Structure formats: structure tokens, C-alpha cells
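Notes follow once the structure below has been shown.
All values reported here derive from a predicted model rather than from experimental measurement. In what follows, chains are A, B, ... by sequence order, proteins preceding strands, each numbered from 1.
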Amino acid sequence: MRFRAKIVDLACLNHFSRIINTIARLAKTCVLRLTVCKLYFILSDKVANGGASMWCELSQGNFFDEFQMEGVAAEHNEIYLELVPENLSRALKTAQSAKAVKIKLTNKHCPCLRVAVELPSLSSSSRIVTHDIPVGVIPRRMWNDFREPNVPDFDVSLIYLPVLKTMKSVVERMKNLSNFIVIEANLSGEMNLKIETDLVSVTTHFKDLGNPPWASEDGCQSSEAQGRNIESMAEACIDIKKLQQLLAGQQVNPTKALCNIVRKRIVHFILLHEEVSLQYFIPAIA
Amino acid sequence: LTVFGRAIHAIARISDEFWFDPLEKGLALRSVNSSRSAYACVFFSSMFFQHYCWTAVSQPCQKEKQLSLPCKLIIKSVLPVFRCANVLEKNVEKCSISTNPNDHHITFQLLCRHGVVKTYNLTLQECDPLQAIFAKHMCPNILKVHSRLLADVMVHFPTSQEEITLSVTPMKVCFKSYIEEDTDFSRTVLTEIQLSPEEFDYFQVGVDSEVTFCLKELRGLLAFSEATSVPVSIHFGRCGKPIAFSIEDLLLEASFILATLCEAEKEAASPEPACCPQPWDRKPQQKGNTPSMDSAKPPSALAKQKVKSNPRGTERDAPGTAGAATAEAGGGEATEAPYEKNSYLYKYCIFQFHSLFFGAVSYKEKEAIGDTFQSLVTASDTEEDFGALQSSQV
């Protein structure tokens with residue numbers, strides 16, 4: 001099992017660091033899945049995570065100048081590593097002006113991702129900062145735990161999110177008042193964020209958000225939608241902290257931000273950037 | 001004034017109290033941490049102050065001229081005075097510090113803008129003087145570098161990192177996280193920074209060495225030196241010998257002397273954090289020798305020191321040799337340091353009127369080299385012998 005990659009371009013490096021920052025805010029530990037073409041950051045919906053799960057996918061070619069990996073075995077050419085994204089984020093934080101960053105999988109005292117940052121210095125030879133980040137190798141028999149989650153039956157609602165910055169400030173303020181937030185939306189582009197406590201209830205209404213067309217597998221999306229009352233709201237009550245973490249972690253506005261609500265079951269957020277897609281599932285609280 | 005305030009902040013990192021020590025030539029602030037593994041001293045020459053007035057009080061019972069008794073202050077009470085260094089600059093026009101030895105008071109008076117006068121009256125505790133003897137010029141390894149570089153290096157380590165190891169060879173310099181014996185590798189991120197000698201303003205490596213010291217305590221000095229923008233000098237030797245970080249310019253000098261972990265100690269699996277491996281018994285300023293020190297060194301060495309250091313201890317201008325150093329080293333007699341710059345600082349390091357050593361080193365029964373930390377300071381009175389040595393016998 002080998003892995004070795006290098007980033008030389010500063011813009012790519014910054015972009016990669018930002019993604020890692022976002023991941024670090026969403027999960028304390030997560031799984032990094034490496035394939036020949038892509039990297040995936042996966043959080044599976046275990047109870048320990050409060051049931052939330054995450055799937056973040058990026059194409060390695062968009063970030064790395066060099067990328068070589070050799071998986072566990074020829075027919076399973078993938079590597080699954082468990083790591084603490086905060087460690088990786090911190091290691092990359094000091095690489096703001098780096099000449100190059102190399103990441104390598106090593107095994108000195110224990111399996112580690114060795115991040116070596118080459119920094120410019122006043123002298124002729126560069127400064128090299130190395131961080132050995134411990135990782136756990138996940139054996140093949142457990143790989144099934146980390147499959148891409150199915151997009152839940154969208155029988156309810158799929159809607160574009162409002163401007164994330166606005167949404168973030170609304171949610172942040174609501175967080176002070178309540179631990180749970182109800183998020184509801186319908187197919188005519190309306191979304192409400194509601195909190196309710198003994199003393200107060202606050203609702204923020206968003207309109208004209210737009211609903212993306214979603215081609216389902218059998219291609220009869222339009223007929224299904226017609227069968228439904230497009231005004232009816234689908235709602236789910238979720239932990240407000242998780243929503244706030246998701247919104248706070250977005251440092252750059254995504255190209256597309258969608259949300260999919262399954263009534264009283266789960267809220268599925270999809271954030272698409274040019275080179276990376278992030279899906280985050282927050283289960284509804286009964 | 002900002003500088004003074006920052007100095008106090010820096011010293012505050014070491015311990016909760018500090019020694020306030022007016023001397024003829026200037027004001028010294030010193031501190032040592034509870035396990036005697038870190039010592040800080042900032043000396044402001046009288047020129048630093050607009051007005052410096054100091055009177056000698058002679059005590060008849062002492063042999064030498066007892067100039068004035070240094071005293072201790074609790075830092076927490078002084079910190080608020082110099083709390084916001086930036087604010088100080090803007091608001092305070094003058095700060096005057098006066099002591100009244102008779103009723104053990106010290107007064108800080110800040111004359112601020114708009115006629116506001118803030119007066120802080122604090123109690124002083126008398127105590128024995130504190131002094132670290134450290135033969136900097138005898139260190140084989142000397143690095144001098146701008147504080148910015150050190151700060152840039154330290155930023156890569158997590159703030160929770162307690163100890164780091166500095167490893168030097170003539171070809172490269174490396175700072176890395178210290179790996180304790182029982183480190184859980186699956187949980188800790190290990191960081192290592194490699195620099196080339198060219199990055200240092202002055203680079204002298206006499207002996208390849210790897211020393212481990214407490215980063216937390218050092219951060220105070222780093223913050224302070226950034227404020228003064230004076231380069232930092234690092235003096236050290238083999239592991240086990242203390243490492244000194246110092247800055248000096250015309251008006252002030254500051255030194256932080258930290259204990260280093262000795263490799264041999266690691267085998268002993270000390271349960272304490274590396275930096276302060278032995279809980280030092282704080283011998284309450286005994287006038288006599290502490291027994292542990294006796295046992296540590298072969299008696300002959302002690303005897304030799306006794307003879308040599310006594311007279312030296314009282315000389316004001318003994319160039320850079322705390323006497324005991326000579327006894328053991330055999331060579332290295334009071335020669336002028338090749339590294340001239342130190343001589344002033346060094347003279348200052350020898351306390352003229354009280355050669356005071358303190359601090360028991362709970363030496364194990366290993367030989368001297370195996371000692372985790374050779375005491376910087378040992379307590380005794382002038383007539384007694386000067387027990388354990390200071391450090392850096394090369």
C-alpha cells in the first residue's frame with residue numbers, strides 16, 4: 001500500500017487547505033478514501049457522529065501535480081484511512097507560502113501521513129517542515145461501511161438554498177435561542193427556518209429560491225412532481241449545531257447549493273464547487 | 001514602558017512571582033519556576049530609565065557591602081499594572097517605581113493623560129537573592145538569530161506542545177517535537193522543522209548535540225524579543241546542560257535559562273514531564289549545604305571549588321568564570337571568552353555581593369553526566385561552600 005502526492009501550485013494548495021478546513025469543522029474524525037482518480041472524505045452515519053454523515057468528493061487531478069497510489073491489492077486499488085482532519089488542516093495552515101507540499105503515507109512508529117512543506121527562506125536552501133499525522137488503516141472487510149450514501153427518495157422537496165452567508169447569520173442567531181431548528185421547503189421555491197421554544201418562536205422566510213430539476217432514475221420526474229401539491233411544505237427538525245457547523249465551514253460560496261428534505265426523516269445538503277462536491281446528511285430528530 | 005511591561009509578561013510565563021532587584025547599575029527582574037528548571041532574568045540598565053536613583057543600605061553583619069535586599073513580588077499583582085502594553089503607550093506619560101524598604105512597599109505610579117494618576121501599592125517580601133550562574137561563553141554551541149525566525153519556527157508546533165528538541169550538527173539545525181517514552185503515536189502529530197545554518201546570523205556548533213527543553217517557558221522570551229527586535233542568542237552544549245536564550249542591547253539584557261532533558265534520564269523513565277523531571281526539593285534557603293548536592297559530586301571536586309570560588313564569588317569583575325566552573329573543567333580557566341560579546345552580560349551574571357546558590361538538585365546516583373539538570377543555582381551562604389555547580393562544563 002503506497003501513496004505519494006505533491007502540490008506545487010499555490011492556488012491549488014490554498015483551495016485544498018480550505019476544503020480540509022471545511023471538513024475539519026464537520027467531523028472530528030473521518031475516513032479518507034484514495035483511489036487513482038479521486039479523494040473522498042467520508043463520515044459514516046454512526047451514532048457517535050450524532051447520526052450525521054458526510055460525503056465529499058474531489059478529483060485529484062485538480063489539485064495535485066503528482067499523485068501516485070497503490071491500493072491494498074490489484075483488484076481493490078484503493079486505500080481507506082481514518083484520520084483527524086483537524087491535524088491535516090493545521091499542518092497545511094502553515095503552508096501558506098510554500099514552495100511545495102508533499103504528502104506521503106509512511107509507517108514509522110505507526111501509519112502516518114507525512115506532510116512535508118517546503119518553505120522559502122532567506123538562505124539558499126529551503127526550510128522543511130514535516131508533520132507526521134497518525135492515521136488508521138481501515139481493512140478491506142470494513143470498506144462497505146463507507147459506501148456512497150443513496151440520495152434519499154426525494155419525494156419531498158429539492159430546493160436551492162438561500163445565499164449561504166445570510167442563512168448562516170440567521171442560523172447563528174437562532175442557535176442562541178434553541179437547540180433544534182425546523183427546516184421546511186416546498187416545490188415553489190419557498191423555505192422557512194423555524195425555531196420554537198417556550199418563550200419565543202422565530203421564523204425566517206425565504207422566497208423565490210428555485211427548485212432544480214432532478215432527473216430520477218426512471219426519468220419520470222416531471223410526472224411525479226405534478227402529482228404533488230407543489231405548495232405543501234416538507235419539514236424536518238434537526239440539530240441546529242450541525243447546521244451551523246456546515247454553514248460556518250463554507251469559506252467560499254459554492255457554485256450550487258441545494259437541499260433535499262425528506263419529511264421528518266433527513267435533510268440532505270449538497271454543496272457543489274467547481275472541483276469538489278460535498279454532501280452532508282443531517283437526520284431529523286423525532 | 002511597553003518594553004518594561006512586556007518584560008514582566010515574559011517573566012510571568014515562568015512563575016507566579018518574581019524578584020525585584022535594584023542594583024547599582026540598573027534594575028533586575030528575575031524569576032524561577034517552581035521546579036527550578038527555568039530561570040529568567042531581565043536587566044534594565046540605569047540608562048533605560050529616565051531617572052534612576054538607588055541607594056545603598058549597608059548591613060553591618062555581612063562581610064561584603066550589602067547593597068540592598070532584593071525582594072519578591074507576586075506577579076499577578078504586578079501584571080495588571082502593565083496589562084495592555086499597547087494601551088500603555090498611548091495613555092501613560094510616565095511611570096515611576098519607588099520602593100520603601102522599611103515598610104516593605106513598592107509603589108508603581110502611572111501618570112496618564114488627562115491628569116489621571118494611577119498608583120499601585122504592593123507589598124514586597126524579603127527574600128534571598130536569586131541568581132543563576134551560567135558560563136555562557138563556555139558553551140560549545142552558539143546560535144544567534146533574529147527573533148522573527150524563532151517565532152516562525154515555533155508557529156508550526158501546536159500550542160499544546162510542551163517540549164521540543166533542538167538538534168544541531170554543523171550542517172543543519174532541526175527543531176522537533178519531543179517524543180516521550182510513552183507517547184501514543186497513534187494520537188500525536190509529530191512536527192519537525194529543518195533549517196540550514198545559513199539562516200542564522202551567527203552559527204557555531206562545536207559539538208553535535210540534541211537538547212530538549214520546555215517550549216512553553218520560552219514563548220515568553222520570544223514574545224518579548226519580538227517587541228524589542230533584538231536578535232536572540234542561544235547558548236547550549238550537550239544534552240543535560242542548560243540552554244540559555246538571551247537578548248541584549250545597550251539598555252537591557254534578558255536571559256532565559258532552561259533546563260534540558262538528558263538522554264540518559266530517559267532510561268530512568270521519569271514520570272514527570274520531561275522538562276521538569278525531578279521534583280526539586282525546594283530547600284528553604286538553607287545556609288548550609290543540601291546533602292544531595294554533596295553526594296552528587298565527588299568530594300574532591302567540591303573541595304576544589306570551595307577554594308576557588310570563594311574569592312571569585314566576590315569579585316565584581318571576574319571575567320566570566322563562576323569559580324566552580326574552573327574546578328571541574330580543569331582547563332577553561334578564566335580565559336576571556338572567544339565570544340567577546342558576552343563579557344558584560346557575564347560579569348553581571350556573577351553576583352557580586354551574594355554568590356547565592358539555591359535549589360537542591362535531586363541528583364540521582366548516576367555520574368554527573370547523567371544528571372538531568374545541573375543546577376543553575378544552589379543555595380548557600382557566602383562562607384559555605386558552593387555545593388553543586390552551575391552548568392555548562394564543556
> In this structure, are over 12 heavy atoms from other groups packed under 6.0 Å from A:Arg4 atom CZ?
Replying inline: no
> Quick check: are there more than 12 heavy atoms from other residues, nucleotides or ligands sitting under 6.0 Å from NZ of A:Lys241?
Replying inline: no
> So which of A:Val84, A:Leu119, A:Ile128 has the largest heavy-atom pair count under 4.5 angstrom toward chain B?
Replying inline: A:Ile128
>> Going by side chain to side chain contact (heavy atoms under 4.5 Å, CB included), B:Val189 matches just one of A:Asn87, A:Asp132, A:Val115, A:Leu88. Which one?
In response: A:Asn87
> Would A:Thr130 and B:Thr191 satisfy side chain to side chain contact (heavy atoms under 4.5 Å, CB included), going step by step from the backbone distance to the final call?
Replying inline: CA-CA 5 Å; A:Thr130 318; B:Thr191 305; over 6 Å; no
Interatomic spacing from [atom1] in [X] to [atom2] in [Y] - rounded to 0.5 Å:
| X | Y | atom1 | atom2 | result |
| --- | --- | --- | --- | --- |
| A:Thr94 | B:His156 | OG1 | NE2 | 5.0 Å |
| A:Cys112 | B:Leu190 | SG | CG | 6.5 Å |
| B:Glu198 | A:Ser121 | CD | OG | 8.0 Å |

> Which bit of B:Thr188 is near chain A, if near means a heavy-atom gap under 4.5 Å: side chain, backbone, both or neither?
Replying inline: backbone
> Given side chains that start at C-beta, do those of A:Arg127 and B:Glu199 come closer than 4.5 Å, heavy atoms only?
Replying inline: yes
> Considering only heavy atoms, which portion of A:Arg90 lies under 4.5 Å from any heavy atom of chain B: side chain, backbone, both, or neither?
Replying inline: side chain
>> Which one wins on heavy-atom pair count under 4.5 Å against chain A: B:Leu149, B:Val155, B:Ile193, B:Val153?
In response: B:Ile193
